[in-house]
K.L.:
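I have a structure I would like to understand better, so I am pasting it below and will then ask my questions one at a time.
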Amino acid sequence: MPWKGEKDPYKIWLSEIILQQTRVEQGLNYYNNFVKEFPNVHKLAKAPETAVFKLWEGLGYYSRCRNLLFTAGYISKELKGHFPDNYDEIKALKGIGPYTAAAISSFAFNLPHAVVDGNVFRVLARVFGISTAIDSTEGKKEFTNLAEELLDRKQPGMYNQAIMDFGAVICKPAAPLCDTCVFKKSCDAFLHNQVNELPVKEKKINVRKRWFYYLVLENKKETAIRKRVEKDIWQGLYEFPLIEVGNELDTKTIIRELEKKKWLLKNAYELISVSPLFKQQLSHQLIAGQFIKIRVKNKPSIKNDWLWMEKEEMAAHAFPQFINQYLREKNGQQTLF
DNA sequence: AAGACGGGGGA
DNA sequence: TCCCCAGTCTT
């Protein structure tokens, strides 16, 4: 991995933000693209927000991108490009919690702070046979204390790297390699046949179902899009004008709704196509919806937050994967891009 | 303390 | 489907 042995705190920071709740294989390309485009914090701080989001597009958890931009500006301007070199100041940066602060502290500055990520929770829970829930306040405290105790204070960076690699490669969530594991004779979970029961999590997520009906409105060569600014999924990304409802509706009903909102004027539009039903499963939401493509001779006069632009400009904006599915699908048939 | 926040991959 | 991933922020 390109960030192994890296000493530049900027690049370490970048890699750690990208890897939050993200597999190495998924984040690797994004990291390389970011380093190429923004080799230092000043370049990142100066970049237009739209361009940075476009580079982040598809990676998920877009608040990471927002915070990345904010912190880049802070370091570039307030700190004159000098990355903080102690745990407390690093942890105070937006987007950096206990894990990332420990990672940067130990990797970049060789400071003795133990990382506690998903790998560490799993390794410690199994090796020490700890059944305290890892998503409880008590569990976080217990595992963090143990991790700090175990830390090799002479080479904290090496130690942190090692335990995370061990968790990712050997002590995997499913089908761990216990047969060849060096802890085979001492691992509490292995000795008590508890490997598949640990670690313990107590909270379960319930999935919300949402229906998104998108209006793909075309006027001459332009299409209307808007920025999602609401405190909701995909904040900061772009989308088509949206009607969200709590259950599945037919196209007629949706179009009636569009007319009621004055987004369409009766008898002054042409229905081009209705997409098949698209679905996207997120961790905590199931999004289903359709794209209704309509052409108008005149843009609606009703006041709204729409931006009209041609395909080329649209392509420079970041969209949710739910919408990209549709855009890509169209590519084969009607070439939207 | 509990929820919210993406998307992809593996079982 | 469900679970997990080099977690953090908000309520």
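Keep in mind the model is a prediction, meaning the values are calculated, not measured. Per chain, numbering begins at 1; letters A, B, ... match sequence-line order.
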K.L.:
Quick check against the 3.5 Å criterion: does W3(A) have a side-chain atom that pairs as donor or acceptor with the backbone of K7(A)?
P.N.:
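Between the backbone of K7(A) and the side chain of W3(A) there is no qualifying donor-acceptor contact (under 3.5 Å).
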K.L.:
Name the stems that DNA chain B belongs to, where each is three or more consecutive Watson-Crick or G-U pairs with both distances under 3.5 Å?
P.N.:
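Looking at DNA chain B, the stems formed by three or more consecutive pairs are B:1-5 with C:7-11, B:7-11 with C:1-5.
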K.L.:
Would you mind checking if K201(A) and D135(A) are paired as a salt bridge, meaning a charged N to carboxylate O distance below 4.0 Å?
P.N.:
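Result for this pair is no, no salt bridge flagged.
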K.L.:
Between dT8(C) atom P and L19(A) atom CG, what is the distance in whole Å?
P.N.:
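For the pair L19(A) CG and dT8(C) P, the rounded distance is 12 Å.
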K.L.:
What is the distance from CD of E197(A) to C1' of dC4(C), rounded to the nearest Å?
P.N.:
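E197(A) atom CD is separated from dC4(C) atom C1' by 17 Å.
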K.L.:
In whole Å, I'd like the distance from the CG atom of L69(A) to the P atom of dT8(C).
P.N.:
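After rounding, the reported distance stands at 19 Å.
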K.L.:
Using atom C1' in both nucleotides, what's the gap between dC5(B) and dC5(C) to the nearest angstrom?
P.N.:
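Pairwise C1' distance, dC5(B) against dC5(C), rounds to 14 Å.
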K.L.:
Under 4.5 Å between side-chain heavy atoms, hopping through other hydrophobics if needed: is there a path connecting I243(A) to I323(A)?
P.N.:
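Per the 4.5 Å side-chain linkage, I243(A) and I323(A) are not co-clustered.
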K.L.:
Name the closest nucleotide to the T100(A) side chain, picking from dC4(C), dA6(C), dG7(C).
P.N.:
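Comparing dC4(C), dA6(C), dG7(C) against the side chain of T100(A), the answer is dG7(C).
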K.L.:
Can you give one letter per nucleotide of nucleotides 5-11 of chain B, 5' to 3': B if a protein heavy atom sits under 4.0 Å from the base, S if only from the sugar-phosphate, - if neither?
P.N.:
BBBB---
K.L.:
Got a sec? Which of residues 31-39 of chain A come in under 4.0 Å of DNA chain C, heavy atoms?
P.N.:
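Residues of residues 31-39 of chain A that come under 4.0 Å of DNA chain C do not exist, since none gets that close.
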K.L.:
When the P atoms of dT11(C) and dG6(B) are considered, how many whole Å apart are they?
P.N.:
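That atom pair is separated by 15 Å.
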K.L.:
Can you confirm whether the side chains of N219(A) and E222(A) place a donor and an acceptor under 3.5 Å from each other?
P.N.:
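No.
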K.L.:
With the 4.5 Å side-chain cut-off for hydrophobic clustering, are Y238(A) and V52(A) part of the same group?
P.N.:
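The answer is yes; both residues are in one hydrophobic cluster.
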K.L.:
K201(A) NZ to dG3(B) P: how many Å, rounded?
P.N.:
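These atoms are roughly 14 Å apart.
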K.L.:
Heavy atoms only, 4.0 Å cut-off, all strands: where does D165(A) land among base, sugar-phosphate and nothing?
P.N.:
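Base: the residue D165(A), judged by heavy atoms under 4.0 Å, touches a nucleobase.
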K.L.:
Please measure how far the C1' atom in dA11(B) lies from the corresponding atom in dA6(C), and state the result in whole Å.
P.N.:
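Per the computed distance, 22 Å lies between those C1' atoms.
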K.L.:
Check R210(A) with D232(A), please: is the shortest side-chain N to carboxylate O separation under 4.0 Å?
P.N.:
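Here D232(A) pairs with R210(A) in a salt bridge, since their nearest N and O are under 4.0 Å apart.
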K.L.:
Between E248(A) and K209(A) (salt bridge meaning N to carboxylate O under 4.0 Å), is one present in this structure?
P.N.:
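Answer for the salt bridge query: no.
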K.L.:
List the steps and the verdict of side-chain hydrogen bond (donor to acceptor under 3.5 Å, both in side chains) for N119(A) and D117(A).
P.N.:
CA-CA 5 Å; N119(A) 293 304; D117(A) 72 334; 3.0 Å; yes
K.L.:
Taking atom C1' of dA2(B) as reference, at what distance in whole Å does atom CG of N206(A) sit?
P.N.:
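My rounded result for the distance is 11 Å.
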K.L.:
Salt bridge check, E239(A) against K227(A): does any charged N sit closer than 4.0 Å to a carboxylate O?
P.N.:
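No, no charged N to carboxylate O under 4.0 Å.
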K.L.:
Provide, to the nearest angstrom, the distance between the NZ atom belonging to K91(A) and the P atom belonging to dT8(C).
P.N.:
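Going from K91(A) (NZ) to dT8(C) (P), I get 8 Å.
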K.L.:
Mind calculating the distance between CZ (R122(A)) and C1' (dA6(C)) to the nearest angstrom?
P.N.:
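Answer to the nearest Å: 11 Å.
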K.L.:
What's W3(A) touching, base or sugar-phosphate or nothing? Going by heavy atoms closer than 4.0 Å.
P.N.:
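The residue W3(A) makes base contact.
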K.L.:
Between E259(A) and R256(A), does any NZ, NE, NH1 or NH2 come within less than 4.0 Å of an OD or OE carboxylate oxygen?
P.N.:
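No salt bridge links R256(A) with E259(A).
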K.L.:
Between E16(A) and R64(A), is there a side-chain N and carboxylate O pair less than 4.0 Å apart?
P.N.:
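Not counted as a salt bridge, because no side-chain N and carboxylate O are separated by less than 4.0 Å.
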K.L.:
Take atom CD1 of I205(A) and atom C1' of dA4(B), then tell me their distance rounded to the nearest Å.
P.N.:
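Rounded to whole Å, this separation is 11 Å.
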K.L.:
Given E138(A) and K141(A), is the salt bridge (Lys or Arg N to Asp or Glu O under 4.0 Å) satisfied, shown in steps?
P.N.:
CA-CA 5 Å; E138(A) 187 194 353; K141(A) 201 175 285 179; over 6 Å; no
